[in-house]
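The structure appears right after this line, and notes come after that.
First the proteins, then the strands, lettered A, B, ... as listed; each starts at 1.
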Amino acid sequence: MPELPEVETVKRELEAAVLGKKIVEVRVFDSRVIRFPSAAEFKKGLTGAVIKNILRKAKVLILELTNSKSLVVHLKMTGQLVYPGAAGKASRVSFYFSDGKILDFNDQRLFAELRLMERWQDLEFIRNLGPEPFEIGPEQFREMLGKKKTKIKPLLMDQAFISGVGNLYAAEALFGAGIDPRRPADSLTAKESAVLLKEIKDILNKAIEHKGSSVDQYVQLSGEPGGYAKYHKVYDRVGKPCLVCKTPIQRIALGGRGTYFCPKCQR
DNA sequence: AATGGGACCTGCGCGC
DNA sequence: TGCGCGCAGGTCCCAT
C-alpha cells in the first residue's frame with residue numbers, strides 16, 4: 001500500500017515522464033474515484049492544461065497545472081498511476097497527452113481519490129497533516145511522544161501526528177528500534193525515541209532507494225513492482241522466524257489493523 | 001482525549 | 001469444482 005516511499009517514487013517518475021506535457025483528453029471509466037468536482041467539470045478543467053509542477057505532501061501527490069488548478073491524487077491502498085498506459089480495463093481514468101501517450105489511473109478498490117482543486121493547500125486533510133519524519137529532530141519527536149498516552153504503533157500511523165508512515169513502515173521501524181508496538185507513546189525513553197525516529201528515517205530512505213514495497217497492488221509508474229519488500233523483517237511474516245532471534249513473528253490487531261512484531265526483540 | 005467499531009470497496013485465499 | 005466468507009488497510013465518521 002502506498003506510503004511515503006511509494007508516493008515519492010511515483011512522484012519522481014512522474015516528473016521525468018509528464019512534466020511540461022499537455023493533457024488533450026481525459027476519459028473517465030468510473031467516476032466514483034473523482035471526489036471533486038463533477039466528472040464533467042473534472043474533464044473540462046484538465047483538458048488543455050499543461051503539467052507545471054509536481055509535489056508530494058506525505059502520501060498525497062499534487063500535479064500543479066498551468067491553468068492555476070491542481071490535480072490532487074491520493075492512492076489510498078490500491079491506487080496506481082501507470083505510464084505509459086494503455087487505457088486497459090482496470091483503468092478508472094485515463095489522461096491523454098498531446099504526444100499520444102497515456103497516463104492511466106487504476107484502482108481496484110475505489111478507495112483512491114482524485115480531485116481538481118483551485119487551492120490544494122485548503123484541503124482539510126492536507127491542512128491537518130503533521131510533520132514528515134524528515135522535518136523533525138529527536139528532541140522534538142520526544143516532546144511530541146511525551147504528550148501522548150496512546151499506543152505507539154497506531155500513533156505513528158496518525159497522519160495528523162506524523163505524516164507519511166503507514167501500517168507497513170510503522171511495523172518495520174518499531175522492529176528496527178526494538179520497541180513493542182503496544183507501548184504507550186509517553187513511555188519511550190529519550191534514547192528509544194531517538195532510535196525510533198532514526199529507524200523511521202533510515203527505513204523510509206532505503207525504501208525510496210529501492211523504489212518502494214510492492215505488497216498487494218503498488219507498482220512504480222512503469223508498472224514494475226518496487227524492490228523493498230524483500231527487506232521486510234516483520235511485515236506479513238506471521239509465524240516465520242524472526243531474522244534476528246528466530247522467535248516466530250506474531251500478528252495482533254491494534255486499532256483494527258494487522259500489526260506484526262517479534263515478541264522477543266521488541267520490548 | 002483516547003479508543004473501538006463501522007463504512008467505503010473489490011479481489012483474493014481459505015475452508016468446507 | 002464451487003461457493004461463501006473473512007480479510008486486506010488509508011481515512012473518515014460516529015459512539016462510548
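The shortest distance between the side-chain N/O atoms of A:K59 and the OP1/OP2 oxygens of C:dT11 is below 4.0 Å. In this model, the phosphate group of C:dG10 is not approached by any side-chain N or O of A:H74 to a distance below 4.0 Å at OP1 or OP2.
The nearest whole Å value for the distance from the CD atom in A:E124 to the P atom in C:dC13 is 9 Å. In this structure, A:E6 places its CD atom 10 Å from P of C:dG10, rounding to the nearest Å. For the pair A:R182 CZ and B:dT3 P, the computed distance is 14 Å after rounding to whole Å. Regarding A:Y260, its OH atom lies at a distance of 12 Å from the P atom of C:dC7, rounded to whole Å. Whole-Å rounding puts the A:D236 CG to C:dC7 P distance at 15 Å. When the C1' atom of B:dG5 is taken as reference, atom CG of A:L254 falls 15 Å away, rounded to whole Å.
Each of C:dG10, B:dA2, C:dA8 was ranked by its minimum atom distance to the side chain of A:K148; first place goes to B:dA2. Considering only side-chain atoms of A:K76, the nucleotide from B:dA2, C:dG10, C:dA8 that sits closest is C:dG10.
Using the six-membered ring where Trp is involved, A:Y228 and A:Y169 have ring planes that are tilted, between 30° and 60° apart. Under the 30°/60° scheme for interplanar angles, the aromatic rings of A:Y235 and A:Y260 are found to stand perpendicular. In this pair, A:Y231 and A:H210 present their aromatic rings tilted. The plane angle is within the 30 to 60° band.
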DNA chain B in dot-bracket, Watson-Crick or G-U pairs under 3.5 Å, [ ] crossing, | other strand? .|||||||.|||||||
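Classification of A:E192 and A:R142 as a salt-bridged pair fails, no side-chain N sitting under 4.0 Å from a carboxylate O. In this structure, A:K233 does not pair ionically with A:E172, as no charged nitrogen and carboxylate oxygen lie closer than 4.0 Å.
Of the possible donor and acceptor atoms, none in the side chain of A:S187 sits under 3.5 Å from a partner among the backbone N and O of A:R183.
A heavy atom closer than 4.0 Å to some atom of DNA chain C occurs in A:M157, A:Q159, these being the qualifying members of residues 151-160 of chain A.
Here the straight-line distance linking atom CG of A:L4 with atom CG of A:N205 works out to 9.0 Å at 0.5 Å rounding. The SG atom of A:C262 sits 8.5 Å away from atom CD of A:Q250, with the distance rounded to the nearest 0.5 Å.
For an aromatic pair to be called close, the ring centres must be under 6.0 Å apart, and A:H74 with A:F125 satisfies this.
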Would you tabulate the nitrogen or oxygen pairs shorter than 3.5 Å linking the protein to nucleotides 6-10 of chain B?
residue, atom, partner, partner atom, Å
B:dC9, O2, A:R109, NE, 2.7
B:dC9, O2, A:R109, NH2, 3.2
B:dC9, N3, A:R109, NH2, 3.2
B:dT10, OP1, A:R32, NH2, 3.4
B:dT10, O2, A:R109, NE, 3.4

